[in-house]
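As structure tokens, the structure follows; a few thoughts come after it.
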Amino acid sequence: MRWSEAFIPTLRDAPADAEAVSHVLLIRGGFIRQVAAGSYTILPLGQRVRLKVAGIIREEMNAIGGQEMMPPTLHPAEVWRKSGRYDLMGDNLFKLEDRKGAELVLGMTEEELFALTALELSSYRDLPQIWYQMHTKFRDEPRPKSGLLRVREFTMKDSYTLDIDRAGLDAGFEKHRGAYQRIFSRMGLDAVGVEASSGAMGGSESVEFMVRSDAGEDRIVTCANCDYRANVERATSAVAAVEDGEREDLGRFPTPGLRTIKALAEALPETAAPDRQIKTLVYLLDGEQVLVLLRGDHNLQEQKLLDATAAVEARAATVEEIRELLGADPGSLGAVEVDGLKIVADEALRGRFNLVTGANEDDWHRSGVDVERDITVSHWADLREVTSGEPCPMCGGTLDLWKGIEVGHIFKLGTKYSETFGVYVQDEKGDSHPIIMGSYGIGVERGMAAVVETSHDEKGIVWPVSVAPYEVVITVVRPDDPATIEAAEGLYAQLGESGIEALFDDREERPGVKFADAELIGIPYRVVVGPRGVADAMVEMTTRRGLATEEVPLGDVVGALSELVAAQRYGI
RNA sequence: CGGGCUGUGGCGCAGCUUGGUAGCGCGCUUGCUUUGGGAGCAAGAGGCCGUCGGUUCGAAUCCGACCAGCCCGACCA
């Protein structure tokens, strides 16, 4: 492509509302333009990257036996009603009506449609199957942000495994885990698989692939010593036991003005240290009022609460609601002698006694609380959020907490969709079984943005060859000089014949502009052809990563580039 | 949905306090000079000042409502 004929609208200044590095660089480099919140036009340069990412995903999916197909994006609402997700997904699902008034939704994922397609299967001999598709998904995100990292319309590769038994699901899951590692590594992403919560998708085991970045929205816990990795929504740690001393009787004592765990602990350091207190929270789980109990120095991880109770929505109760329910304000709440309410307690409180908690009367607390003797716990669960520096639950090593971008997620779904859609096959004995499904997703444009987040410098993007929009840029210094342009044209033609994707910067711009643009858009290799070198049949070759430059004879440069590019085109 | 901020040529901004002619830098067009790290000079083009309503002789500016975008929190590839 000749740059003089290309549409590559680079900007010197970033738009004021772009903040994430990938957002700024993709806009400045002329890869994308924003249309509305979470809605972007992918420009020619961006589309070239997108197609390369999609190509890598497709190759790896096909390599594990995936079969690509294309279900519609416009779905009848009844399908989503049948799975229960029409309501479960709430406002995130785009809903519309056709001219006859029939209700439709825009697909945000395709479990339902693939389950419908799977109705064609009738025998275990048809299994296993790996089906996938890669096209537009719609999600009415409450808050699109950070350029391509979180949008309302995006391309997702989603695949589905269909198996007769658990072992088949496990095998399909492991195939995907391997394929995903290869996909991300080929894109130049250092993605790690972490244990995750399955959330609204349903299912049991799930692994998220995370790329370390401060632009990420997830928090990940990893062990410095072993390979324990988990999303904070799931992570646990080894909690040291607390010595509770002598078991005492339940008591009651005034605590005027002491409304926080910290204040109470400071007033009574001997008996009410934070780890000797019970923190009582009031939550509404799908509208039901529930008491949530944690150790005083622990914080609630809401996703764990949702997972433990199979609830869909959790919110903290308001002060008014709490007052009406328990007769006291936050700061004096407790679960002792509370009847008729569901009480969910964190495992760290199991077996504890001689504790302090609120008395459900302002400015009064209880002492000598024995959790199992004095509180009617209806459900024990791991609810606390792990913090940085705690001991690893596997090996006792130190846990590290970092932010990550979720570039992929794989789930063991089980039989939820096959049962509701009636997808059964017969085994060799003629018995009927629901198909066991797995579901696996990768966000294509988010993957692009993640590459930029983790591979750039102060000059701009540094694309790996495997996903770069062009492999080489030829920067012509003084295109008006006949000998120079002739040499450059010759080089451009030779690169084309060698199958190298070259961007030919023949624009009548000053050299500084061309260098800056080439660096901004991140082309992996740059060849500078100018009158200075052409006289001696020499050109300059610069590697974008690190910007190291060497002089190369004009006659050798195609060979050198072919070797370099060929070695990296596939990705590591 | 709660909180904070912002809407003025393609991009970045000033003007608004104290109402009266819409301005600067970059980019764009033309010409000349220049040409190895974002050139210089000259002449130009380009703006319903987010929308609607109100106040006023007069509104980018004051008032109100709405809309849009960004950022921080609850959701997800």
Side-chain angles (χ1 to χ4, degrees), chain A residues 9-20 23-24 27-28 30 33-39 53 57 88-93 108-110 134 136-159 180 191 196-201 208-211 216-218 231 233 302-303 306 312-316 318 405-411 439-450 459 475-481 484 508-520 526 528-534 539-540 542 547 549:
Chain A
T10 58
L11 297 176
R12 267 175 95 152
D13 295 312
D17 54 14
E19 199 156 291
H23 191 191
V24 169
I27 286 183
R28 284 193 53 213
R33 284 295 183 266
Q34 183 168 28
V35 174
S39 173
V53 170
I57 294 171
L88 193 61
M89 291 304 185
D91 291 336
N92 269 24
L93 191 61
M108 56 191 296
T109 167
E110 311 270 340
M134 181 153 36
T136 310
K137 297 291 180 297
F138 295 90
R139 296 186 183 180
D140 195 356
E141 290 287 342
R143 187 151 97 80
K145 57 181 285 201
S146 305
L148 294 186
L149 282 175
R150 186 176 197 73
V151 294
R152 298 197 297 174
E153 176 179 344
F154 62 99
T155 314
M156 179 164 83
K157 183 289 297 176
D158 44 320
S159 47
Y180 274 38
S197 160
S198 299
M201 294 291 170
E208 291 170 331
F209 289 84
M210 291 288 175
V211 172
E217 304 177 80
D218 285 270
N231 194 304
E233 293 175 354
E302 279 190 20
Q303 187 64 46
L306 288 174
V312 173
E313 197 187 329
R315 74 164 172 88
T318 63
I405 300 169
E406 181 186 351
V407 290
H409 198 164
I410 58 181
F411 295 90
S439 155
Y440 315 84
I442 293 180
V444 176
E445 294 85 6
R446 180 183 284 183
M448 285 168 61
K459 301 279 181 68
T475 302
V476 188
V477 174
R478 297 294 301 269
D480 59 327
D481 176 64
T484 300
E508 303 208 359
E509 289 286 352
R510 295 173 64 85
V513 173
K514 297 187 175 193
F515 294 143
D517 272 346
E519 282 150 8
L520 176 61
R526 178 175 78 210
V528 177
V529 184
R532 214 159 69 185
V534 161
V539 296
E540 273 169 32
T542 302
L547 292 174
T549 295

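Just so it is clear, the structure is predicted and the values come from calculations on it, not from any experiment. Order of the sequence lines fixes the chain letters, A, B, ..., with proteins taken first and strands second; residue numbering starts at 1 for each chain.
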In Watson-Crick or G-U wobble terms, with both distances under 3.5 Å, the base opposite B:C28 is B:G44
B:C70 -> Watson-Crick or G-U wobble partner, both distances under 3.5 Å, gives B:G4
Residues at least two apart in sequence or cross-chain that pass side chain to side chain contact (heavy atoms under 4.5 Å, CB included) with A:A516, listed by chain then number, are none
Margin query: Treating A:R152 as the side-chain partner and A:D140 as the backbone partner, does any N or O pair qualify as donor plus acceptor under 3.5 Å?
Written below: no
The Watson-Crick or G-U wobble partner of B:U34, with both key distances under 3.5 Å, is none
Paired to B:C52 by Watson-Crick or G-U wobble criteria (both distances under 3.5 Å) is B:G64
Practice item. Evaluate the side-chain proximity of A:P479 to A:K514: yes if any heavy-atom separation is below 4.5 Å, no if none is. Key: yes
Please write out each protein N/O paired with an N/O of nucleotides 37-40 of chain B under 3.5 Å, distance rounded to 0.1 Å.
{"unit_1": "B:G37", "atom_1": "O6", "unit_2": "A:R526", "atom_2": "NH2", "d": "2.9"}
{"unit_1": "B:G37", "atom_1": "N1", "unit_2": "A:E519", "atom_2": "OE1", "d": "3.3"}
{"unit_1": "B:G37", "atom_1": "N1", "unit_2": "A:E519", "atom_2": "OE2", "d": "2.8"}
{"unit_1": "B:G37", "atom_1": "N2", "unit_2": "A:E519", "atom_2": "OE1", "d": "2.4"}
{"unit_1": "B:G38", "atom_1": "O2'", "unit_2": "A:R12", "atom_2": "NH1", "d": "2.7"}
{"unit_1": "B:G38", "atom_1": "O2'", "unit_2": "A:R12", "atom_2": "NH2", "d": "2.8"}
{"unit_1": "B:G38", "atom_1": "O6", "unit_2": "A:R28", "atom_2": "NH2", "d": "3.4"}
{"unit_1": "B:G38", "atom_1": "N2", "unit_2": "A:D517", "atom_2": "OD1", "d": "3.3"}
{"unit_1": "B:A39", "atom_1": "OP2", "unit_2": "A:R510", "atom_2": "NE", "d": "3.0"}
{"unit_1": "B:A39", "atom_1": "O4'", "unit_2": "A:R510", "atom_2": "NE", "d": "3.4"}

A:R150 (side chain) and B:C75 (base): donor-acceptor pair under 3.5 Å: yes
Taking a pair to mean Watson-Crick or G-U wobble geometry with both distances below 3.5 Å, B:C16 pairs with none
- Message: Taking the basic N atoms (NZ, or NE/NH1/NH2) and the acidic carboxylate oxygens, is any pair closer than 4.0 Å for A:E519 and A:R526?
- Response: yes
Partner of B:U21 under the Watson-Crick or G-U wobble criteria, both distances under 3.5 Å, comes out as none
5'-most contact on RNA chain B (nearest-nucleotide basis), A:D480 vs A:G408, goes to A:D480
Taken in chain and number order and not counting sequence neighbours, the residues that satisfy salt bridge (charged side-chain N to carboxylate O under 4.0 Å, His left out) with A:R478 are A:D480
Comparing nearest nucleotides in RNA chain B, the 5'-proximal residue of the pair A:P144, A:D13 is A:D13
